[in-house]
Protein chains: 2
Amino acid sequence: MGRPKQFDPDAAVEKAVEIFWCKGYGGTTPQDLVDGLGVGKGSLYNTFTSKQALFEKALRRYGDRRVAGLVEVLEGSGPVRERLRAALERLVDTGLSDPYRRGCLAVNTAAEPAGADPALGEIVRSVFDRMEAAFQAAIEEGRRHGEIDADRDPREAASLLLSTAIGMSVVAKTADRPDRLRRVVDAVLATL
Amino acid sequence: MGRPKQFDPDAAVEKAVEIFWCKGYGGTTPQDLVDGLGVGKGSLYNTFTSKQALFEKALRRYGDRRVAGLVEVLEGSGPVRERLRAALERLVDTGLSDPYRRGCLAVNTAAEPAGADPALGEIVRSVFDRMEAAFQAAIEEGRRHGEIDADRDPREAASLLLSTAIGMSVVAKTADRPDRLRRVVDAVLATL
DNA sequence: CATATTTTGTACCTGTAGGTCAAGAAAGGA
DNA sequence: TCCTTTCTTGACCTACAGGTACAAAATATG
């Protein structure tokens, strides 16, 4: 009962992702949210309580999507090595083709002072953990299929892939010459 | 002639590095600077013009120092491979032992929206370029000495080391289990 | 239809960002 | 010694951050 909401909170979170992704947590103002979500300030705070609470929802949603995208590519068909290449190249391509150079919201948050907040840090950590686990699963599959050297420790390799992916997200933001990122992909795949 | 400054601008930049490193560019307020530098707001703006101008000085100084530290380790004595390990482990150790988990100021700036500013982006890019060049020089030396496989493309390997180092700076901020970073160092060195 | 409940728009609030300005203090030069 | 120049202090300014409060509007129930 009571008056029904005149907007879709779910869609609003979706829009919030874009705004926070562009401006960062600290750089986003209530006015940015009001303009971007198209809802009044009263509704905004009535629904989401605070800027941070909304950001937590947005970051979680972003992270889930990112992880799902990575898992989808890594669990695809074809040789594992090619799937790993596809996953990394997707990172590079989407990073470089983004006109706003937003990088990765999870990485940006980790680097921001906001990342020191326990709740936000935990969300970021969870994203990183799931990405690493996805890499590790792929590498183990490749090892079982004899595509990847059995000497290679999958945990080690997965940690390297995670760190590399994070580093590439940052490098992509500097709008550096694209060849640097292509080299990184080649280099890290050559090691497997 | 004229009244002499009552503070050392050079030392003030040094202190500014610490403040920006802790709070980020966007998160640092004029009041933070007044408190931290111990100079009045008038003197601050009279000497440094603006928050951004001071930050540029601070970021440049930080970057020069960081690059010099890396070069020093990489140009040291002993086998190249050990020097590379020492350089990466230093990154990990200083990153993990920092109680404030500040990561790397250049990386944090690249990830912040402020990194999109042309002047700041250029400083960050310069830091990354010089680090990559230092890695590349070390790898080439190792190759000449037969310590590193001649098949390995030094540019590729250097780009990988750079991306990995950047990624580790971010991961270190999440206060993740230290073993992840140790694994990354082992993994990336195993590839050379 | 009256009422209880929830949402919405608008006004309002306190604190601070990021500076600017004017007046006085501390030097060197004529 | 007076003048010019530069630095310093502190007051001041405008805009906006991040919310809160309230009255009006829209529903479900009895």
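Convention: sequence-line order gives letters A, B, ...; per-chain numbering from 1.
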Under-3.5 Å N/O pairs linking protein and nucleotides 24-26 of chain D:
residue: D:dA25; atom: N3; partner: A:Arg3; partner atom: NH1; Å: 3.2

*Rounded to whole angstrom units, what separation is found between the CG atom of A:Asn46 and the C1' atom of C:dT5?*
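In whole Å, C:dT5 C1' lies 12 Å from A:Asn46 CG.
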Could you list, one pair per line, each protein nitrogen or oxygen that sits under 3.5 Å from a nitrogen or oxygen of nucleotides 16-23 of chain C, together with the distance?
residue: C:dA17; atom: OP1; partner: B:Thr29; partner atom: OG1; Å: 3.2
residue: C:dG18; atom: OP2; partner: B:Thr28; partner atom: O; Å: 3.3
residue: C:dG18; atom: OP2; partner: B:Lys51; partner atom: NZ; Å: 2.9
residue: C:dG19; atom: OP2; partner: B:Lys51; partner atom: N; Å: 3.3
residue: C:dG19; atom: N7; partner: B:Lys41; partner atom: NZ; Å: 3.1
residue: C:dG19; atom: O6; partner: B:Lys41; partner atom: NZ; Å: 2.9

_Contacts of type side-chain contact (heavy atoms from CB on, under 4.5 Å), residue A:Tyr45, not counting sequence neighbours_ =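 For A:Tyr45, the residues satisfying side-chain contact (heavy atoms from CB on, under 4.5 Å) (neighbours in sequence not counted) are A:Pro30, A:Lys41.
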*Quick one: label A:Phe7 by what it contacts on the DNA or RNA (base, sugar-phosphate, nothing), any heavy atom closer than 4.0 Å.*
sugar-phosphate
*Can you list every salt bridge (Lys or Arg N to Asp or Glu O under 4.0 Å) pair that touches residues 75-84 of chain B, not counting sequence neighbours?*
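As it turns out, the salt bridge (Lys or Arg N to Asp or Glu O under 4.0 Å) pairs with a partner in residues 75-84 of chain B, which skip direct neighbours, are B:Arg83-B:Glu141.
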*Which pairs count as salt bridge (Lys or Arg N to Asp or Glu O under 4.0 Å) when at least one residue sits in residues 127-139 of chain B, sequence neighbours excluded?*
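Found A:Arg177-B:Asp129, A:Arg180-B:Asp129, A:Arg180-B:Glu132, A:Arg183-B:Glu132, B:Asp64-B:Arg130.
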According to side-chain hydrogen bond (donor to acceptor under 3.5 Å, both in side chains), who are the partners of [X], at least two apart in sequence or on a separate chain?
{"X": "A:Asp153", "answer": "none"}
{"X": "A:Arg182", "answer": "A:Asp93"}
{"X": "B:Thr47", "answer": "B:Lys5"}

Please tabulate, for the side chains in residues 32-40 of chain B, all donor-acceptor contacts under 3.5 angstrom to protein atoms that are two or more places apart in sequence or on a different chain.
residue: B:Asp32; atom: OD1; partner: B:Lys23; partner atom: NZ; Å: 3.2
residue: B:Asp32; atom: OD2; partner: B:Thr29; partner atom: N; Å: 3.0
residue: B:Asp32; atom: OD2; partner: B:Thr29; partner atom: OG1; Å: 3.2
residue: B:Asp35; atom: OD1; partner: B:Gln31; partner atom: NE2; Å: 3.0

*Sidechain-backbone polar pair: A:Lys173 side chain, A:Cys104 backbone, donor-acceptor under 3.5 Å*: no
